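Have a look at the structure below before the remarks.
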Amino acid sequence: IVVSAVILSAAVAGAGYVGASAVFQDRAAETASLSPVSPRGTTADSTQSDTNADSGEHAKLKTKDASVQCDEITHPVLRETVKPVYPEGAREEKVMGLVIVELVVTVDGSVEDVRVLESPDERLSAAAVEAVRQWRYAPALCDGTPVSVFYKVTVNFQLH
C-alpha cells in the first residue's frame with residue numbers, strides 16, 4: 001500500500017498537480033493525512049494536498065445545480081483545515097486505512113452534505129466527517145462567479 005501510494009503521489013505530482021502540504025500528528029506514532037480530490041479523481045496517499053486528477057487529466061467539476069453551465073470552472077482552494085482525531089478504540093485495535101468522502105463546497109466556501117463513500121471502519125468514518133465538515137475553502141468559480149460543487153476528500157488514518 002505504501003509503495004503504491006508513493007508511486008501514485010509521484011505520478012500526480014509529475015502531472016503538475018501541486019498543493020499545500022501539512023502533516024497532522026495526534027501523537028508521535030499516528031497520523032491522519034488528508035487529500036482533497038475532484039469528483040471521480042484519483043486519490044493520493046499523501047499529506048494534505050489539492051490533488052485534482054482524473055486518470056492523469058484535470059477533472060471537470062460537477063456543480064450542485066445541474067442547470068449551471070460553465071465555459072471555465074476553477075476548483076475550490078482549501079483555506080482552513082481541522083485535523084481529524086484518531087479514534088482511541090480504532091488506534092488501540094490498530095485500525096488503519098483510507099476514508100473517502102464526498103461533500104459539497106458551497107458558494108461561501110463552507111462544507112455541506114458530507115457522505116462517506118468508502119471506509120475501513122465506522123469510527124474512522126465519523127472522525128473524518130467531523131473534521132472535514134469544519135474545513136473552509138475559497139469557492140469554485142464558474143466563469144468568475146462562485147458556485148457550489150461536489151468534491152471528494154480522502155483522509156488517511158495510519159499508525160506508524
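Keep in mind it's a predicted model, so treat the numbers as computed, not measured. Positions are given from 1, in the same order as the sequence printed here.
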* To do: Show your working on side-chain contact (heavy atoms from CB on, under 4.5 Å) between Met96 and His160 and close with a plain yes or no.
  => CA-CA 10 Å; Met96 298 182 285; His160 295 276; over 6 Å; no

Residues, nucleotides or ligands: over 12 heavy atoms within 6.0 Å of [X] [atom1]:
{"X": "Glu112", "atom1": "CD", "result": "yes"}
{"X": "Glu72", "atom1": "CD", "result": "no"}
{"X": "Gln134", "atom1": "CD", "result": "yes"}

Hey, is [X] close enough to [Y] for a salt bridge, meaning N to O under 4.0 Å?
{"X": "Glu102", "Y": "Arg115", "result": "yes"}
{"X": "Arg136", "Y": "Asp108", "result": "no"}
{"X": "Glu118", "Y": "Lys152", "result": "no"}

Given side chains that start at C-beta, do those of [X] and [Y] come closer than 4.5 Å, heavy atoms only?
{"X": "Asp65", "Y": "Ser148", "answer": "no"}
{"X": "Arg91", "Y": "Phe157", "answer": "no"}
{"X": "Thr106", "Y": "Val149", "answer": "no"}

Determine whether a donor-acceptor pair (N or O, by modelled atom type, separation under 3.5 Å) exists between the side chain of [X] and the backbone of [Y].
{"X": "Trp135", "Y": "Ser110", "answer": "no"}
{"X": "Asp143", "Y": "Cys70", "answer": "no"}
{"X": "Thr145", "Y": "Leu141", "answer": "no"}
{"X": "Ser119", "Y": "Asp121", "answer": "yes"}

If you round to the nearest 0.5 Å, how far is [atom2] of [Y] from [atom1] of [X]?
{"X": "Asp113", "Y": "Phe150", "atom1": "CG", "atom2": "CZ", "value": "7.0 Å"}
{"X": "Leu159", "Y": "Glu92", "atom1": "CG", "atom2": "CD", "value": "11.0 Å"}
{"X": "Asn156", "Y": "Ile100", "atom1": "CG", "atom2": "CD1", "value": "10.0 Å"}

Which heavy atom of [X] sits nearest to which heavy atom of [Y], and what is that distance?
{"X": "Pro120", "Y": "Val99", "value": "CD-CG2, 4.2 Å"}
{"X": "Val85", "Y": "Ala127", "value": "O-CB, 3.2 Å"}
{"X": "Thr154", "Y": "Leu98", "value": "CG2-CD2, 3.8 Å"}
{"X": "Val101", "Y": "Val114", "value": "CB-CG1, 4.1 Å"}
{"X": "Tyr86", "Y": "Val95", "value": "OH-O, 2.7 Å"}
{"X": "Pro76", "Y": "Leu61", "value": "CD-CD1, 3.7 Å"}

* Asked: Is Ile73 reachable from Val107 through a run of hydrophobic residues whose side-chain heavy atoms are each under 4.5 Å from the next?
  -> no

* **From CA spacing to verdict: side-chain contact (heavy atoms from CB on, under 4.5 Å), Val111, Tyr137** => CA-CA 8 Å; Val111 171; Tyr137 290 82; 3.8 Å; yes

